[in-house]
Visitor: 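Have a look at the structure that comes next, please.
Letters go in sequence order (proteins before strands), and every chain restarts at 1. None of these values were measured; they are calculated from a predicted model. Because only heavy atoms are used, hydrogens play no part in the values below, and waters and symmetry mates are left out as well, while side chains stay in.
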Number of protein chains: 2
Amino acid sequence: MDDQPQWLTDEEMEAWLALVSLLIKLPQALDGQLQRDAGISHFEYQVLAGLSMSPGRTIRMSELAQLSDGSLSRLSHVVSRLEKRGWVRRCTDPGDGRYTLAMLTDEGWDKVVETAPGHVATVREVVINPLTKAQIRQLRDIGRRITDAADPGGTCPR
Amino acid sequence: MDDQPQWLTDEEMEAWLALVSLLIKLPQALDGQLQRDAGISHFEYQVLAGLSMSPGRTIRMSELAQLSDGSLSRLSHVVSRLEKRGWVRRCTDPGDGRYTLAMLTDEGWDKVVETAPGHVATVREVVINPLTKAQIRQLRDIGRRITDAADPGGTCPR
DNA sequence: CTCCATGACTTGAAGCGTCAAGTAAAGTGG
DNA sequence: CCACTTTACTTGACGCTTCAAGTCATGGAG
């Protein structure tokens with residue numbers, strides 16, 4: 001924080017406004033497609049996808065929370081819903097009773113398999129295709145820098 | 001949409017994952033600072049800021065909705081809350097009874113004035129400072145391209 | 001061995017956003 | 001000038017996220 005408010009320059013303001021619009025509209029587009037085509041939110045998709053890529057399609061809740069960039073509480077609620085829908089099951093870690101393991105059921109796996117292509121197509125259409133190859137690399141670097149600054153702890157450093 | 005799912009390459013995936021993290025963590029950081037320091041959400045700040053920059057500190061609801069990148073419904077709810085807090089007042093447009101004019105009260109103006117410096121400082125800290133001058137320009141271009149693709153109508157083209 | 005601190009969740013209430021209706025004013029065709 | 005459509009919102013219900021407790025299992029200190 002500076003003593004002087006230090007207002008944004010025109011260039012900075014343009015970038016900032018573009019980013020704010022992005023922050024509102026991209027999630028809408030992603031959630032919209034998944035909700036329409038698969039009846040799930042983007043975060044639910046991330047959770048299912050995270051599970052599907054874990055060894056044994058099983059993973060600890062806390063690890064899944066980091067993988068999907070969400071709080072443990074949020075994840076707990078979401079997994080409850082996914083469990084009711086029959087896509088995930090929970091059980092206590094046999095080795096350490098504090099951990100809870102989430103595992104993807106066969107129905108959950110099928111759901112991911114049937115949902116993924118449409119989702120990837122949307123990501124391509126909205127994010128990848130509009131950008132040049134150079135911009136894709138720039139986006140990765142910019143995203144990482146801002147994310148690091150916004151979440152200093154990182155929830156997974158060490 | 002393609003026939004083939006056409007999976008993402010490594011570079012594309014890296015950029016995509018970086019963007020997904022950004023989408024989650026940046027709003028958290030922005031909302032967090034404003035909530036802690038001023039007791040308002042980022043969207044409420046945008047609405048107040050939009051009003052404060054309008055001529056006569058007054059603007060139509062529909063124009064304010066576009067300015068702040070929100071739906072009319074969302075704006076209506078938010079303005080109701082801001083009205084209860086005494087920062088905004090609503091009245092019907094004398095010229096055309098369908099429009100509603102939102103106007104910033106003096107208390108609302110004071111709120112913006114006292115909140116802005118801390119918010120700008122956070123934006124600087126989290127978004128502007130971590131980037132080079134070139135990256136700031138890149139961010140603007142990338143943001144615009146993705147936003148255009150995600151929101152084809154644009155809610156304000158023509 | 002017991003008590004307490006810590007870690008890993010789960011739960012419930014409260015607040016916000018979205019969607020689907022509903023309302024009211026202005027424009028438009030006959 | 002009257003019905004009908006369009007435009008600009010407002011409202012209510014529902015679902016999801018967050019926040020603050022609360023629970024249960026482990027690991028240590030004495």
Visitor: More 5' along DNA chain C: A/Leu72 or B/Thr92, using each one's nearest nucleotide?
Guide: A/Leu72
Visitor: For B/Asp31, enumerate each residue passing the salt bridge (charged side-chain N to carboxylate O under 4.0 Å, His left out) test, keeping only those at least two apart in sequence or located in another chain.
Guide: none
Visitor: When we call it a touch if two heavy atoms are under 4.0 Å apart, what does A/Gln35 touch: a base, just sugar-phosphate, or nothing?
Guide: nothing
Visitor: Considering every strand and a 4.0 Å limit on heavy-atom distances, what is the contact class for B/Ser76: base, sugar-phosphate, or nothing?
Guide: base
Visitor: ring-ring contact (aromatic ring centres under 6.0 Å, His included): which pairs involve residues 58-86 of chain B, sequence neighbours left out?
Guide: none
Visitor: What's the CZ-C1' distance between A/Arg85 and D/dG15, to the nearest Å?
Guide: 12 Å
Visitor: Mind calculating the distance between CG (B/Leu64) and P (D/dA8) to the nearest angstrom?
Guide: 15 Å
Visitor: May I ask you to list the residues sharing a hydrophobic cluster with A/Ile24, side-chain cutoff 4.5 Å, ordered by chain and number?
Guide: none
Visitor: Can you check the B/Lys25 NZ to D/dT18 P distance for me, whole Å?
Guide: 13 Å
Visitor: With sequence neighbours excluded, what pairs up with A/Glu11 under the side chain to side chain contact (heavy atoms under 4.5 Å, CB included) test?
Guide: A/Thr9, B/Lys133, B/Arg137
Visitor: Kindly state which residues belonging to residues 41-59 of chain B come within less than 4.0 angstrom of DNA chain D, counting heavy atoms of the residue only, listed by number.
Guide: none
Visitor: Does the protein touch nucleotides 20-29 of chain D at the base, only the backbone, or not at all? Give it as B, S and - per nucleotide, heavy atoms under 4.0 Å.
Guide: -----BS---
Visitor: If you look only at pairs with a residue in residues 99-111 of chain A, which of them pass as a salt bridge (charged side-chain N to carboxylate O under 4.0 Å, His left out), with sequence neighbours excluded?
Guide: A/Lys111-A/Glu114
Visitor: Within the modelled atom types, does a donor on one side and an acceptor on the other bring the side chain of A/His77 and the base of D/dG15 under 3.5 Å apart?
Guide: no
Visitor: Taking the hydrophobic residues Ile, Leu, Val, Met, Phe, Trp and Tyr, and joining any pair whose side-chain heavy atoms are under 4.5 Å apart, which ones share a cluster with A/Tyr99?
Guide: none
Visitor: Side-chain contact test, heavy atoms from C-beta onward, threshold under 4.5 Å: evaluate it for A/Gln35 versus A/His42 and give yes or no.
Guide: no
Visitor: What is the nucleic acid contact for B/Arg81, judged by heavy atoms within less than 4.0 Å: base, sugar-phosphate only, or nothing?
Guide: sugar-phosphate
Visitor: Report the residue (B/Gln28 or B/Arg90) whose heavy-atom-nearest nucleotide on DNA chain D is the more 5′ of the two.
Guide: B/Arg90
Visitor: Rounding to a whole Å, what distance do you find between A/Asp31:CG and D/dC16:P?
Guide: 11 Å
Visitor: In chain order, what residues pass the salt bridge (charged side-chain N to carboxylate O under 4.0 Å, His left out) check against A/Arg57, with sequence neighbours excluded?
Guide: none
Visitor: Clusters formed by hydrophobic residues whose side-chain heavy atoms approach within less than 4.5 Å: which one holds A/Leu101, and what are its other members?
Guide: none
Visitor: Let me see the working for A/Trp7 and A/Met13 under side chain to side chain contact (heavy atoms under 4.5 Å, CB included), right down to the final yes or no.
Guide: CA-CA 9 Å; A/Trp7 201 247; A/Met13 184 59 94; 4.1 Å; yes
Visitor: Does B/Arg74 place a side-chain N or O at less than 4.0 Å from the phosphate oxygens OP1/OP2 of D/dT10?
Guide: no
Visitor: Apart from A/Trp87 itself, which Ile, Leu, Val, Met, Phe, Trp or Tyr residues share its cluster (side-chain heavy atoms under 4.5 Å, direct or through members)?
Guide: A/Leu34, A/Ile40, A/Phe43, A/Tyr45, A/Val47, A/Leu48, A/Leu51, A/Ile59, A/Met61, A/Leu64, A/Leu67, A/Leu72, A/Leu75, A/Val78, A/Val79, A/Leu82, A/Val88, A/Leu104, A/Trp109, A/Val112, A/Val113
Visitor: Tell me, please, the opening and closing nucleotides of DNA chain C, 5' to 3', among those with an atom under 4.0 angstrom from a non-hydrogen atom of chain A.
Guide: C/dG7 to C/dT18
